[in-house]
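Have a look at the structure below, then the notes.
By convention in this document, chain letters (A, B, ...) are assigned in the order of the sequence lines, proteins followed by strands, and residues within each chain are numbered from 1.
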There are 2 protein chains.
Amino acid sequence: MGEPKCIHTEPELSLENNSTQEKIIAAAHKLFTQKGYAATKTREIAEEAGINLALLNYYFRSKEKLFDMIMADNMQQFVLGLAQITNDKATSYQEKFALLASSYTDLLLNQPEMPIFILSEIRNNPVGLFQRVRLDKIILSSNMFEQVKEAMKRGEIQQINPMHILMNLLGLTVFPFVASPMLKQFGGMNEGAYRDLMLERKKMIPLWVAALLQVKAP
Amino acid sequence: MGEPKCIHTEPELSLENNSTQEKIIAAAHKLFTQKGYAATKTREIAEEAGINLALLNYYFRSKEKLFDMIMADNMQQFVLGLAQITNDKATSYQEKFALLASSYTDLLLNQPEMPIFILSEIRNNPVGLFQRVRLDKIILSSNMFEQVKEAMKRGEIQQINPMHILMNLLGLTVFPFVASPMLKQFGGMNEGAYRDLMLERKKMIPLWVAALLQVKAP
DNA sequence: AGATATTTTAAACATTTGTTTAAAATGTTT
DNA sequence: AAACATTTTAAACAAATGTTTAAAATATCT
C-alpha cells in the first residue's frame with residue numbers, strides 16, 4: 001500500500017500523467033464545472049471516470065484537494081489570458097479589445113460553463129482563491145489601461161473610470177455565456193443558433209466597446 | 001400531530017404569515033441565495049432561523065419544496081420587472097432602456113447575489129423552472145422590441161438581431177454584480193466604492209446602449 | 001523467476017444529512 | 001376546566017457521502 005509514484009509531490013494539473021489519473025481529472029473537471037463542488041459526489045466522479053471509488057482518494061487525498069486543482073486550472077485559463085493580452089506592448093488598446101473579445105469567445109465556446117462555475121464557487125470562498133493567481137492591480141496598471149488613459153488625456157476618448165471599460169468588455173463578452181440557458185429560452189434558440197450569435201458578437205464587441213468610449217457622462 | 005393550519009394549501013411566499021414560518025423563509029432565502037441548494041443544509045437553515053429542525057419539514061414538507069418557493073420568488077423578482085417594463089406602451093424604447101438599467105441596478109444593489117444564484121441553479125435544472133414564469137417569446141415580441149424593429153425600419157438605428165440588444169443591456173447591467181467579487185479584487189475596491197460605480201453605471205448604461213445601436217455591422 | 005513496489009478492488013467505517021416519530025408544550029374552543 | 005387542535009421539541013431512523021482498510025492484482029526490478 002505505497003504512495004502513488006509522483007503524484008502527491010507534484011500535484012499540478014498536467015496532461016501527460018498516468019491514464020487513470022487523467023480519467024479522474026477529466027471526470028472531476030466535467031462534473032465540478034457542470035454542477036459545482038457541493039452537488040458533485042465522489043461516487044459520481046468515480047463512475048464518470050470508470051474507476052474504483054477508492055482511487056480518487058488514492059491519487060488526490062480528498063475531494064477538496066481534487067477540487068482545488070480543477071478550480072486553479074479553470075481560474076488560470078480564465079484570468080491568465082487577460083493579463084497576457086492587456087500587457088502586450090505591441091498592440092494598440094483597440095486591438096487589445098478585439099483580441100480579448102475574440103480569445104474569450106473562443107474559450108467560452110469550448111467551455112461555456114467555466115465562468116458560471118468560477119463565479120458561483122468564488123462566492124462561497126471569496127478569500128484564498130485569488131492568492132494563487134494574484135491579479136490585484138495587474139489589470140488596472142496594465143499596458144492596455146495605460147494606453148486608454150493616454151487616449152483620454154489626448155481627448156481621443158471620453159473621461160471614464162477604467163473599471164467601467166473592463167466591466168463593459170467582460171459584461172458584453174462573458175454574460176451571454178453565464179446566462180445562456182435563460183437567454184436561449186428568451187430567444188427560443190437552439191444550440192446552433194446561439195453559437196452563431198456568439199460568433200457575431202465576437203466581431204461586434206470591439207466596435208461596441210470603441211463606441212462606448214465616445215459616450216460623454218451627463 | 002395535525003397538519004399546519006393553512007400552509008400546505010397555499011404554499012405561496014407571502015410576508016403576512018406565521019412568525020416561525022417567516023423565520024424559516026428568511027433563513028432559507030439567505031442561505032440558499034448565498035450558497036446554493038446543495039451546499040445549504042437543513043440544519044443550517046434551522047439554526048439560522050433559530051427554530052427546531054423538525055419544524056422545517058412540518059411547515060414545508062421537504063428541503064426541495066422550500067427551495068422551490070425561494071427560487072420561484074427570486075425568479076419572479078428577476079424576470080417580472082423585465083416583462084412589465086418592456087411592455088409598457090406609454091414609454092419609448094430609449095426610456096425603457098433607462099428604466100430597465102435603473103430598476104435592475106436598484107434591485108441588485110439590494111440583492112447582489114440573486115442573479116448568480118438563479119443562473120447557477122438553472123444550470124442544474126434547465127427544465128421546469130421556467131414553466132412557472134414562462135417568458136418564452138414574451139420578451140422578443142414585447143412592445144420594446146416592436147419599437148426597436150420600427151426604429152430599424154426607419155433607419156433610426158442599425159439593423160441588428162434584437163437578442164444582441166437584450167444581451168448588451170443585461171450584460172452591462174447584471175454582469176458587474178455577477179462578477180463583483182472578482183471585479184472588486186481587480187479594481188482593489190471596497191464595498192462603498194463598488195456601489196458608487198454601480199450608481200454611475202445606472203446613469204451611463206442607457207446612453208451606452210443607445211450608442212451601441214448606432215454601430216454598423218462590418 | 002522471485003522479490004518488491006505500485007495499482008486496483010471490495011468492503012467497511014464514521015459522519016453527515018434529510019426526514020420521521022411520538023411525546024410534550026402551547027393555543028383554542030366549548 | 002375539559003376537550004380538542006396546533007405547534008414545538010428531542011430523539012431516532014435510513015440513506016447518502018467522504019474516507020479508510022486490507023487484501024488482491026498488476027507492474028517493475030534484480
Side-chain angles (χ1 to χ4, degrees), chain A residues 1-11 14 16-32 34-71 121 124-125, chain B residues 1-11 14 16-32 34-71 121 124-125:
Chain A
M1 191 186 41
E3 297 271 310
K5 222 182 335 194
C6 64
I7 280 73
H8 296 315
T9 52
E10 279 189 26
S14 52
E16 63 275 5
N17 259 330
N18 180 353
S19 174
T20 62
Q21 196 179 188
E22 275 179 53
K23 282 191 272 182
I24 296 176
I25 288 179
H29 184 96
K30 176 181 170 186
L31 292 175
F32 279 142
Q34 222 164 62
K35 328 192 334 172
Y37 178 79
T40 301
K41 311 304 174 187
T42 54
R43 281 168 180 81
E44 282 185 277
I45 298 175
E47 191 183 19
E48 171 79 26
I51 53 107
N52 187 286
L53 172 62
L55 288 177
L56 199 152
N57 292 282
Y58 177 70
Y59 280 102
F60 300 96
R61 317 292 288 190
S62 72
K63 179 190 178 188
E64 201 177 354
K65 290 246 184 9
L66 175 56
F67 175 81
D68 287 343
M69 287 177 56
I70 308 295
M71 176 53 112
E121 294 295 340
N124 301 334
N125 192 354
Chain B
M1 188 184 39
E3 299 272 310
K5 225 185 328 197
C6 62
I7 281 73
H8 296 314
T9 53
E10 281 188 25
S14 52
E16 64 275 7
N17 259 329
N18 180 352
S19 174
T20 62
Q21 196 178 189
E22 275 178 54
K23 280 191 273 182
I24 297 177
I25 288 179
H29 184 96
K30 176 181 172 186
L31 292 175
F32 277 142
Q34 223 164 62
K35 329 195 329 174
Y37 177 80
T40 301
K41 311 305 174 186
T42 53
R43 282 168 178 80
E44 281 184 277
I45 299 175
E47 191 183 19
E48 171 79 27
I51 54 106
N52 186 287
L53 172 61
L55 288 177
L56 198 151
N57 293 282
Y58 178 71
Y59 280 103
F60 298 95
R61 316 295 287 191
S62 73
K63 179 191 178 186
E64 201 177 355
K65 291 246 185 6
L66 175 57
F67 174 81
D68 287 343
M69 289 177 55
I70 308 295
M71 176 52 112
E121 295 294 339
N124 299 335
N125 191 354

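- Here the nucleotide nearest the side chain of A:Asn57, chosen from D:dT8, D:dT9, D:dT19, is D:dT19.
- Rounded to whole Å, atom P of D:dG18 lies 13 Å from atom CD1 of A:Ile51.
- The shortest non-hydrogen separation linking A:Lys35 to B:Asn124 is CA-OD1, 3.6 Å.
- Between the CG atom of B:Leu53 and the C1' atom of D:dC13 there is a distance of 13 Å, given to the nearest Å.
- Separating the OH atom of A:Tyr37 from the C1' atom of C:dT16 is a distance of 13 Å, rounded to the nearest angstrom.
- Dashed line: the shortest gap from a side-chain N or O of B:Thr42 to OP1 or OP2 of C:dT19 is not under 4.0 Å.
- Here D:dT7 presents its P atom at 14 Å from CD of B:Glu22, a figure rounded to the nearest Å.
- Rounded to whole Å, atom C1' of D:dT7 lies 15 Å from atom CG of B:Leu56.
- Under the 4.5 Å side-chain criterion, counting only non-hydrogen atoms from C-beta, A:Asn52 is not in contact with A:Tyr58.
- Remark: B:Lys65 is not positioned above the aromatic ring of B:Tyr59, lacking an NZ or CZ atom under 6.0 angstrom from the ring centre and at most 45 degrees off the axis.
- The aromatic rings of A:Phe32 and A:Phe67 sit perpendicular to each other, their planes meeting at more than 60°, with 30° as the lower class boundary.
- Rounded to an integer number of Å, the gap from B:Glu47 CD to D:dT9 C1' is 16 Å.
- If you check D:dT19, D:dT9, D:dA12 against the side chain of B:Arg43, the one that comes closest is D:dA12.
- Whole-Å rounding puts the B:Lys23 NZ to D:dT8 P distance at 8 Å.
- Remark: A:Asn52 is in phosphate contact with C:dA10, judged by side-chain N or O atoms under 4.0 Å from OP1 or OP2.
- The side chain of B:Thr20 contributes no N or O atom lying less than 4.0 Å from OP1 or OP2 of D:dT7.
- Applying salt bridge (Lys or Arg N to Asp or Glu O under 4.0 Å) to B:Lys30 and the options B:Glu47, B:Glu44, B:Glu48 leaves one that passes, B:Glu48.
- Contact annotation: A:Tyr58 does not reach the phosphate of C:dT8 (side-chain N/O to OP1 or OP2, under 4.0 Å).
- The side chain of B:Ala54 sits closest to C:dT21 out of C:dT21, C:dT17, C:dT9.
- For C:dA24, the paired base is D:dT7 (Watson-Crick or G-U wobble, both distances below 3.5 Å).
- Of the candidate nucleotides C:dT7, C:dT19, D:dT8, D:dT8 has the atom nearest to the side chain of B:Tyr59.
- Atom-to-atom, NZ of B:Lys65 to C1' of C:dT19 comes out at 12 Å; the value is rounded to the nearest Å.
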